[in-house]
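Scroll down for the structure; my scribbles are underneath it.
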Protein chains: 2
Amino acid sequence: MKTIKVLKGQLLQSKGDLNSKIYIIESGLLRSYTIDDKGKEHIYMFGPENWLVADNCEPSVPCQLYIDAIEDSIVNVAPKEEATKQGADMDAILRRLNSMQNRIVMLMSSTARERYLHFIETYPEIPQRVTLKMIASYLGITPEALSRVRNELAQRK
Amino acid sequence: MKTIKVLKGQLLQSKGDLNSKIYIIESGLLRSYTIDDKGKEHIYMFGPENWLVADNCEPSVPCQLYIDAIEDSIVNVAPKEEATKQGADMDAILRRLNSMQNRIVMLMSSTARERYLHFIETYPEIPQRVTLKMIASYLGITPEALSRVRNELAQRK
DNA sequence: AGAAGTTCTTGATTTACATCAATGCACAGG
DNA sequence: CCTGTGCATTGATGTAAATCAAGAACTTCT
């Protein structure tokens, strides 16, 4: 486990990489994402301070996520074996499972508006640090759709 | 941890329940699902033999998933504390995280057809045991859309 | 076997959201 | 101060899938 400094925009992991690592963010902001066949980016997760970002695949198989830095960041890098063998904070894993479950339920049953409202409520710090385009990508909608949702919400007041 | 027998259609857990349990399927088939504001069901997960079905929330908060039996089943029921404290099979948890990640990536970036193809490839045994309506619900599409996808694929041969 | 309920398919219509294209805006560097 | 570049917004149009409405094909039960 070593600590590294990464600059905004720097790529830490590419789709297809073997032996992908686990990144624990000390400061800054990372993101993990895929690029589909049409070349479109889909943000899988944001990684602010104290979060853990990784592709949840076995070390031996090619990973499917890209990981890069949205802000200059200080990051701890650990190989997966290490992190899984030693105690591995069970509480953190359960929180993670829970947030993924929420995400799946949202993606299956919520409208663009509901997703946005849930997002800003759940992650109030993130919106100020990323572009609307990235939020839209995380929510699974287009920037245009997000813009409209935000307008409707602003007017409704 | 006790073993119970459940009949097809029997409800094991309701949205809003506190102290939700963990269900390990010995034989039969369970499903977990939500019902949205419009009354629509969204299947979160199927639980065939040897799978574990649960709402990944803390025992103290109301859960968001319903769980019932699609077939007559034999199921082991464990309280969450028990399952998380004792060893807790780390391999199984990682596999689970991985399959949830796949699900999220799929929901964000794949068409109805791609989802269906991925599903029958990943879970070849399930389709024969559940209705198309349930498959559609799992994939996040309507039964009609699924019917059309299947027709196109059948003709394409 | 026949009735009654499901499940599946088909067609017509609507809707939410994507896509495309154009414009406005702000900040950065010359 | 202009001017380029990236981001957000707006409007027009397109499209995949949802919804609505029937009907056909299976099941299940008596």
Side-chain angles (χ1 to χ4, degrees), chain A residues 7-9 29 31 33-43 46 68-72 105-120 126-157, chain B residues 7-9 29 31 33-43 46 68-72 105-120 126-157:
Chain A
L7 297 177
K8 177 174 171 169
L29 184 60
R31 96 226 237 233
Y33 59 100
T34 42
I35 300 182
D36 66 25
D37 2 304
K38 285 155 218 141
K40 209 171 147 189
E41 274 179 28
H42 302 272
I43 295 184
F46 292 112
D68 68 12
I70 295 175
E71 301 172 358
D72 294 351
V105 169
M106 287 277 298
L107 287 170
M108 288 203 299
S109 63
S110 302
T111 63
R113 176 189 285 102
E114 289 168 332
R115 293 180 202 190
Y116 175 67
L117 289 172
H118 181 264
F119 176 72
I120 56 177
I126 306 282
Q128 300 127 14
R129 300 167 67 180
V130 304
T131 63
L132 293 180
K133 191 177 140 192
M134 285 187 187
I135 297 178
S137 170
Y138 178 86
L139 298 177
I141 61 178
T142 57
E144 291 93 332
L146 178 57
S147 170
R148 275 155 196 148
V149 165
R150 283 161 51 87
N151 275 348
E152 287 166 36
L153 292 172
Q155 290 193 0
R156 187 138 312 174
K157 285 219 310 188
Chain B
L7 296 177
K8 178 175 171 170
L29 184 60
R31 94 226 238 233
Y33 60 99
T34 42
I35 300 181
D36 68 25
D37 1 305
K38 286 155 218 138
K40 208 170 147 187
E41 276 179 25
H42 303 272
I43 294 183
F46 292 111
D68 68 13
I70 295 176
E71 302 172 357
D72 294 351
V105 169
M106 287 276 300
L107 287 170
M108 288 202 301
S109 64
S110 302
T111 62
R113 176 188 285 102
E114 290 167 331
R115 294 180 201 189
Y116 175 66
L117 289 172
H118 181 265
F119 176 72
I120 55 175
I126 305 282
Q128 300 128 13
R129 299 167 67 179
V130 304
T131 64
L132 294 179
K133 189 178 144 192
M134 286 187 185
I135 297 177
S137 169
Y138 178 87
L139 298 178
I141 61 178
T142 56
E144 291 92 333
L146 177 57
S147 171
R148 275 154 197 150
V149 165
R150 283 161 49 88
N151 276 347
E152 287 165 36
L153 292 172
Q155 290 192 2
R156 187 139 310 175
K157 286 220 311 189

Closest heavy-atom contact between [X] and [Y]?
X: B:Ile43; Y: A:Met108; result: O-CE, 3.4 Å
X: A:Ser109; Y: B:Asp36; result: CB-CB, 4.1 Å
X: B:Arg115; Y: B:Leu107; result: NH2-O, 3.4 Å
X: B:Leu132; Y: B:Leu146; result: O-CD2, 3.4 Å
X: B:Phe46; Y: B:Met134; result: CZ-O, 3.9 Å
X: A:Lys40; Y: A:Thr142; result: NZ-CG2, 4.5 Å

Measure [atom1]/[X] against [atom2]/[N] and give the value in whole Å, please.
X: B:His42; N: D:dA17; atom1: NE2; atom2: P; value: 16 Å
X: B:Leu153; N: C:dC8; atom1: CG; atom2: P; value: 17 Å
X: A:Ile135; N: D:dC7; atom1: CD1; atom2: C1'; value: 13 Å
X: B:Lys8; N: C:dT6; atom1: NZ; atom2: P; value: 11 Å
X: B:Leu132; N: D:dA25; atom1: CG; atom2: P; value: 16 Å
X: B:Met134; N: C:dT6; atom1: CE; atom2: P; value: 13 Å
X: B:Lys40; N: D:dT19; atom1: NZ; atom2: C1'; value: 9 Å
X: B:Gln128; N: C:dC8; atom1: CD; atom2: P; value: 13 Å

End axis versus end axis in the helix from C:dA1-D:dT30 to C:dG30-D:dC1, the angle rounded to 10°, five pairs used at each terminus: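 The angle, to the nearest 10 degrees, is 40°.
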Determine whether a donor-acceptor pair (N or O, by modelled atom type, separation under 3.5 Å) exists between the side chain of A:Asp68 and the backbone of A:Gly9.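 Not confirmed, A:Asp68 side chain does not pair with A:Gly9 backbone.
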Just by distance, do the side chain of A:Glu114 and the backbone of A:Thr111 share a donor-acceptor pair under 3.5 Å?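 Looks like yes, one N/O pair under 3.5 Å.
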Would you say B:Lys38 reaches D:dT19's phosphate, i.e. side-chain N/O to OP1/OP2 under 4.0 Å?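 Answer is no, no contact under 4.0 Å.
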Nearest to the side chain of A:Asn151, which nucleotide is it out of C:dC17, D:dT9, C:dC8?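 From the listed options, D:dT9 comes nearest.
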Go through D:dA17, D:dA8, C:dC8 for me and flag the one nearest to the B:Lys133 side chain.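 Nearest listed nucleotide: C:dC8.
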Any residue in residues 138-150 of chain B with a heavy atom nearer than 4.0 angstrom to DNA chain D? Just list them by number, or reply none.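 Result for residues 138-150 of chain B: B:Gly140, B:Ile141, B:Thr142, B:Glu144, B:Ala145, B:Arg148, sorted by number.
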B:His42 and B:Tyr33, any side-chain heavy atoms less than 4.5 Å apart: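 A side-chain contact under 4.5 Å is absent here.
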